[in-house]
Trainee: 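Here it is, the structure, as structure tokens.
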Amino acid sequence: MDDQRRFILAMGLSVFVFMAYWFFFVMPTQQAAKADAESEMARLSAERATSSAPATPEVQIQAREVLIATGSRVEIDAPGIRGTLLTTGSRLDDVTLNAYDKTLDPEDGQVELLSPAGGERGALVADNWTLLGMVGDPLGLNTAWDVVSGATLTPSSPVVMQTQVGGVDITRTLTIDEHFLITTSDQLTNNGAQPVTLNRRGVARTITMPEGLTNFFIIQEGPISVLDDSYHDQTYKKTVKSDWSNVGDAGWTGMTDKYWLHAAIAPQDGRTTVNFSHSLIDGQDVWDAVYTADAMTLTPGATVQSTGYLYAGAKERNVLEAYEEDLGIIGMSRAIDWGAMGLLVRPIMWALSKLGQMLGNYGLGILALTFFIKLLMFPLFNKQYQSQAKMKKVMPQTKKMQEKYKGDRVKLQQEMMKLYKKEGVNPAAGCLPVIPTIFVFFALYKAVFIDIDLRHEPFVAWITDLSAAEPISILNGFGFLPNNPRPESFLSFIALGPLAILYGITMSLMYMLTPPTGDPTQAKIFKLMPWLFMFILASFPTGLLLYWCWNNVLSFLQQWYITKKNDVDTPIDAFIRKITGKPDPVETGE
């Protein structure tokens with residue numbers, strides 16, 4: 001009885017944890033999550049301001065179009081991006097991604113990745129030279145650059161700019177590729193009479209919490225960097241509470257979310273210091289990811305060359321890997337959040353993209369990849385299902401033993417071990433084979449979640465975006481009513497779409513083939529688990545639900561086949577006999 005009470009308590013706590021996870025991490029809308037984060041950061045910023053400095057006067061927010069129209073700017077027109085670069089501070093702060101729409105409606109325009117400071121939200125990436133120990137403008141964002149040649153930056157037409165820092169003349173040649181990378185090739189000449197020491201510093205800045213954050217623990221959102229080929233990251237909230245710094249060879253740093261990145265890339269031939277920090281500028285929260293190359297001293301008459309890069313675009317794997325191979329930018333592909341199981345996630349994501357391209361539909365790609373992985377791991381699952389089938393086959397005998405020896409646990413265990421040995425049953429054999437499959441299928445789950453190829457990709461019927469939650473649910477009559485399918489109220493918990501319901505059904509079918517536990521209370525609780533998970537996972541992207549449902553179907557078919565092969569009758573067989581009118585084999589003596 002005590003064991004039963006402990007089990008019920010454990011299951012109750014598990015359900016509580018799942019419910020709490022659902023309410024606080026999964027189902028809150030993006031707007032609610034961002035509001036919570038901004039509220040927390042506003043409180044911390046207010047504490048800083050109260051303790052260290054007088055309040056910053058409120059600054060009037062201006063429209064993005066107005067801000068872009070001010071200052072001296074270089075037009076950018078490339079296949080991957082379009083926008084402008086502000087010559088003051090060499091700031092890339094106006095970038096629109098040509099190949100990525102904001103929403104499924106093309107009328108909403110393309111993704112505006114970077115926007116100037118002074119608006120409701122902003123983001124920029126810049127690269128400048130500053131005097132060693134400079135205090136007033138440590139990032140050089142107020143450095144005045146003059147355009148020497150070129151009006152519009154395109155893959156075939158570079159732009160040349162000039163400035164002077166501490167008596168050193170700097171000529172910068174800007175070039176852009178067909179994707180998202182701007183190369184800044186600088187020539188520095190000390191025309192003065194004294195040695196001058198300079199630092200090259202790049203910054204990726206985010207102003208105010210970005211829109212569209214997932215706030216999901218498996219996705220990195222905020223500052224990232226690669227130093228000494230080692231990956232580092234920190235969340236927005238954590239950066240508000242504490243800065244971060246590290247030193248290493250080469251490297252780059254930037255700001256990232258699920259699909260996008262803007263980064264400042266240091267020269268790849270020297271030591272680099274990276275800092276993540278948060279500050280309050282003009283009443284707005286500002287996050288900076290800054291690289292500082294080792295100080296360089298130029299003697300009178302000396303000339304040196306230095307090359308850095310500015311990146312603003314999508315995290316396309318083939319593009320990032322090409323920058324690693326062709327330009328020698330260390331760890332650029334690590335901007336994609338591969339996670340702790342990157343060795344598995346990388347090949348699975350590659351296969352998913354290839355299959356989606358070959359089949360012309362990424363939903364079919366998910367189905368095909370899941371099938372191939374299931375086929376690859378067929379032997380392991382066979383062992384698991386054979387063990388479960390044998391366990392189910394001896395279940396009537398174990399129940400008799402439990403009744404016979406219910407007052408003598410030692411004797412019960414001895415008799416059950418004899419039975420298992422006689423029938424060739426190994427209880428552990430059902431668990432051990434599944435362990436490696438857990439890692440593989442989590443890696444597949446991660447790949448589906450982060451693959452930019454799935455963004456805005458349709459499958460069939462109502463599934464118009466594999467990267468988003470189902471657009472229909474029981475709350476809007478599966479699309480026949482004008483209601484919001486996923487309201488922000490408590491009703492969101494029952495916003496079940498067709499795929500979510502299918503998930504619950506397929507999980508329940510799998511449970512029917514699993515040997516029941518000896519305790520009837522435990523069996524009832526386990527029977528409810530598939531339906532609980534159905535509600536918890538309903539708001540996940542349709543690509544993930546599609547994978548889970550298809551994986552359940554394949555697992556069910558394999559398990560049912562093996563169970564039948566071992567002459568074990570199941571509730572599924574009883575249901576089929578009821579429909580078809582076939583007699584029960586027990587009654588006929590078969």
Side-chain angles (χ1 to χ4, degrees), residues 15 18-19 21-33 101-108 212 214-216 258 356 359-368 370-371 445 448-449 451 453-512 527-557 572 575 579:
V15 171
F18 282 127
M19 294 290 287
Y21 168 78
W22 185 87
F23 276 112
F24 293 108
F25 294 98
V26 178
M27 287 306 296
T29 62
Q30 294 176 350
Q31 182 179 359
D101 292 332
K102 288 182 181 178
T103 67
L104 290 174
D105 186 355
E107 294 296 323
D108 292 334
T214 64
N215 292 291
F216 195 30
K258 187 175 182 179
L359 299 173
N361 185 298
Y362 284 93
L364 293 177
I366 292 173
L367 299 183
T370 307
F371 175 79
Y445 157 73
V448 171
F449 199 88
D451 193 347
D453 288 340
L454 301 184
R455 184 179 183 270
H456 291 179
E457 284 294 323
F459 179 41
V460 293
W462 76 98
I463 305 176
T464 55
D465 184 356
L466 289 166
S467 69
E470 291 186 88
I472 61 175
S473 75
I474 60 175
L475 296 181
N476 72 340
F478 297 112
F480 291 100
L481 300 175
N483 304 23
N484 185 350
R486 303 195 176 279
E488 298 180 18
S489 65
F490 69 93
L491 290 175
S492 60
F493 183 70
I494 60 173
L496 297 175
L499 276 179
I501 295 173
L502 180 61
Y503 172 84
I505 294 172
T506 54
M507 279 292 290
S508 183
L509 287 174
M510 287 182 62
Y511 172 80
M512 290 182 182
K527 198 171 184 178
L528 290 174
M529 293 303 286
W531 307 107
L532 175 63
F533 276 101
M534 177 182 70
F535 286 100
I536 293 174
L537 302 178
S539 65
F540 275 64
T542 52
L544 292 174
L545 283 173
L546 180 64
Y547 147 62
W548 280 320
C549 290
W550 180 233
N551 181 57
N552 287 348
V553 169
L554 294 176
S555 297
F556 169 78
L557 292 175
I572 306 298
F575 178 74
I579 295 176

Trainee: Going by side chain to side chain contact (heavy atoms under 4.5 Å, CB included), I472 matches just one of N476, L475, I474. Which one?
Mentor: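 Running side chain to side chain contact (heavy atoms under 4.5 Å, CB included) over N476, L475, I474 with I472 returns exactly one hit, N476.
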Trainee: Taking only residues two or more places apart in sequence or in another chain, which ones pass ring pair (Phe, Tyr, Trp, His ring centres under 6.0 Å) with Y547?
Mentor: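 With sequence neighbours excluded, Y547 shows a ring pair (Phe, Tyr, Trp, His ring centres under 6.0 Å) to no residue whatsoever.
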Trainee: With side chains defined as the heavy atoms from C-beta onward, is the minimum distance between F459 and T542 less than 4.5 Å?
Mentor: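 No. Closest side-chain heavy atoms not under 4.5 Å.
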Trainee: Show the nearest heavy-atom pair for residues R455 and K102, with the distance to one decimal.
Mentor: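 Reported closest heavy-atom pair: NH2-O, 3.5 Å.
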Trainee: Excluding sequence neighbours, so at least two apart, what forms side-chain contact (heavy atoms from CB on, under 4.5 Å) with P458?
Mentor: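 For P458, no residue satisfies side-chain contact (heavy atoms from CB on, under 4.5 Å) once neighbours in sequence are set aside.
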Trainee: If you look at every heavy atom in P471 and P485, which pair is closest and at what distance?
Mentor: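 Scanning both residues, the minimum pair turns out to be O-CG, 3.3 Å.
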Trainee: Using the test side-chain contact (heavy atoms from CB on, under 4.5 Å), find all partners of A468 that sit at least two apart in sequence or belong to another chain.
Mentor: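 Checked A468 against side-chain contact (heavy atoms from CB on, under 4.5 Å); matches are D465.
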Trainee: Check each of T370, L545, L466, L454 against V448 using the side chain to side chain contact (heavy atoms under 4.5 Å, CB included) test, and report the only one that passes.
Mentor: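 Of the listed residues T370, L545, L466, L454, the side chain to side chain contact (heavy atoms under 4.5 Å, CB included) partner of V448 is L454.
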Trainee: For residues 496-510, run the donor-acceptor check on the side chains, cut-off 3.5 Å, and write out each pair with its distance to 0.1 Å, sequence neighbours left out.
Mentor:
| residue | atom | partner | partner atom | Å |
| --- | --- | --- | --- | --- |
| T506 | OG1 | L502 | O | 3.0 |
| T506 | OG1 | Y503 | O | 2.9 |
| T506 | OG1 | N552 | ND2 | 3.1 |

Trainee: Does the side chain of I366 come within less than 4.5 Å of W550's, by heavy atoms?
Mentor: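 They are not in contact (no side-chain heavy atoms under 4.5 Å apart), so the answer is no.
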Trainee: Enter the distance from N551:CG to L367:CG here, rounded to the nearest 0.5 Å.
Mentor: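 Taking CG in N551 and CG in L367, the distance rounds to 11.0 Å.
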Trainee: Between D101 and L104, is there a donor-acceptor pair closer than 3.5 Å when you use the side chain of the first and the backbone of the second?
Mentor: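 Absent.
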Trainee: Under the side chain to side chain donor-acceptor pair (under 3.5 Å) test, which residues partner N361, sequence neighbours left out?
Mentor: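 N361 satisfies side chain to side chain donor-acceptor pair (under 3.5 Å) with no residue once adjacent residues are dropped.
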Trainee: In Å and rounded to the nearest 0.5 Å, what is the OG to CG distance from S467 to L544?
Mentor: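 It comes to 10.0 Å.
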Trainee: How close do E470 and R486 get, heavy atom to heavy atom, and via which atoms?
Mentor: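 Answer, listing the atom of E470 first, then R486: O-NE, 3.1 Å.
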Trainee: So, using salt bridge (Lys or Arg N to Asp or Glu O under 4.0 Å) as the criterion, who are the partners of K258 when residues are at least two apart?
Mentor: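 Partners of K258 by the salt bridge (Lys or Arg N to Asp or Glu O under 4.0 Å) criterion come out as none, since no residue qualifies.
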Trainee: When rounded to the nearest 0.5 angstrom, what distance separates CZ in F533 from CH2 in W548?
Mentor: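 These two atoms lie 10.0 Å from each other.
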